[in-house]
Amino acid sequence: MSLLEINDNEVLEGLALVNCKSLVLEDNMIISQALIGAQRVAVVVMGATGTEPAVSGLVGPEMADIAVVGNQEAAPGPTAVLKALELADRGQGVLFVVLNNAGDILTSNIVLAQAEKQGLNISRVIIRDNIIEGEEQIAELRQGLVGVMPVLKLAAKAASAGKTLAEVAELAQALADNEASYLVKVADVKEGFVAEDIVALALPKLEGVLQLESEQKLLLIVNGNDIASVREQLAIYRSAVLTLMNKGYSVVVGEAGDYFTGLTD
């Protein structure tokens, strides 16, 4: 919870200043300096502010090349997004990563139609990781959340390795299609709960969607959501790893931190 009145521009300008050796702020775009002189597929992501760091914090070497951001909890407009795609294009095409939120999808549909008219080579990947309670098996209803982070990482690595846009898009979408996240609400956390209780709430939902198999290798992310402290995040991560290991799975990559914040609905 912030004690200060802060606007979106202050946050974006601060982010660019803290990372002045690797990022540039231009209008409502956070741009990676790794894009300068690049001869490869570029990666662009769009999203709202107000859930920092979210997409604006996922720009840099071996991550997104440009994040184009809108107003607080609102998608950027088509004009701004099209400008970002044009700026990112290095002649090899652009992977356009979109979170499955109504405004983002609407904007991206408009932008893709405009880009096609201009002859831009764009492939869209949609992130649908966050499970909707009671509708776990309906992928189209899931919103994009922290699952965007590993998709951007994989796409950037593939692009840096010289893969074509079609190859980068195929890898990114395959990962996006095999992700799931579950938001444990504050109202669900009872007095006396420990880390194991949080894992017990979330893990069955994730297993049901992902249909995990024994000895499967997993990427695990604990997102604090600006609610769980660092201590709590680490305890939850530990409990999740131990639980998954006891079930015969293998956690090979992991993260814990506040990657998206303020998404409490």
Side chain proximity check, Ile131 to Leu206, heavy atoms < 4.5 angstrom: yes
Heavy-atom side-chain proximity of Val59 to Ile31 below 4.5 angstrom: no
Full working for side chain to side chain donor-acceptor pair (under 3.5 Å) between Asn109 and Arg124: CA-CA 10 Å; Asn109 287 340; Arg124 179 175 63 176; 2.7 Å; yes
Shared hydrophobic cluster, Leu99 / Leu82 (ILVMFWY, side-chain heavy atoms < 4.5 Å): no
Taking every non-hydrogen atom, the tightest pair across Val68 and Ala80: CG2-O, 3.9 Å
Distance in Å, Ile126 CD1 paired with Gln173 CD, rounded so as to fall on 0.5 Å steps: 7.0 Å
Point-to-point distance, once rounded to the nearest 0.5 Å, from CE of Met149 to CD1 of Ile221: 3.5 Å
Stepwise side chain to side chain contact (heavy atoms under 4.5 Å, CB included) test for Val11 and Leu15: CA-CA 6 Å; Val11 175; Leu15 177 66; 5.6 Å; no
Minimum side-chain heavy-atom gap Leu171-Lys157 below 4.5 Å: no
Stepwise side chain to side chain contact (heavy atoms under 4.5 Å, CB included) test for Ile122 and Leu85: CA-CA 8 Å; Ile122 311 294; Leu85 294 174; 4.3 Å; yes
Heavy-atom side-chain contact between Lys153 and Glu62 under 4.5 Å: yes
Shared hydrophobic cluster for Phe260 and Leu219 (ILVMFWY, side-chain gaps under 4.5 Å): yes
Polar side chain donor-acceptor pair, Asp65 to Ser32, under 3.5 angstrom: no
Evaluation steps, salt bridge (Lys or Arg N to Asp or Glu O under 4.0 Å), between Asp27 and Lys83: CA-CA 10 Å; Asp27 297 328; Lys83 179 181 178 181; 2.5 Å; yes
In one Ile/Leu/Val/Met/Phe/Trp/Tyr side-chain cluster, 4.5 Å: Tyr182, Ile236: yes
Close side-chain approach of Leu120 to Val94, heavy-atom, < 4.5 Å: no
Side-chain touch Val98/Val125, heavy atoms, less than 4.5 angstrom: no
CG on Leu141 to CG on Asn130, rounded to 0.5 Å: 11.5 Å
Stepwise salt bridge (Lys or Arg N to Asp or Glu O under 4.0 Å) check, Arg128 with Glu179: CA-CA 8 Å; Arg128 299 183 175 101; Glu179 295 182 313; over 6 Å; no
Test item: side-chain donor near acceptor, Tyr237 and Glu232, under 3.5 Å: no
Residues Ser123, Phe96; criterion side chain to side chain contact (heavy atoms under 4.5 Å, CB included); working and verdict: CA-CA 6 Å; Ser123 286; Phe96 183 26; over 6 Å; no
Interatomic spacing from CE in Met46 to CG in Asp104 - rounded to 0.5 Å: 4.0 Å
Same apolar cluster: Val55 and Val97, side chain cutoff 4.5 Å: yes
Among Val45, Val44, Val168, side chain to side chain contact (heavy atoms under 4.5 Å, CB included) partner for Leu95: Val168
Residue pair Glu196, Ser239: steps toward the side chain to side chain contact (heavy atoms under 4.5 Å, CB included) verdict: CA-CA 6 Å; Glu196 287 75 12; Ser239 176; 3.4 Å; yes
Straight-line distance of Leu244 CG to Glu207 CD, nearest 0.5 Å: 7.0 Å
Glu167, CD: over 12 other non-hydrogen atoms inside 6.0 angstrom: yes
Same apolar cluster: Val230 and Tyr259, side chain cutoff 4.5 Å: no
Minimum side-chain heavy-atom gap Leu175-Pro150 below 4.5 Å: yes
Enclosure of Gln92 CD (heavy-atom neighbours >12, cutoff 6.0 Å): yes
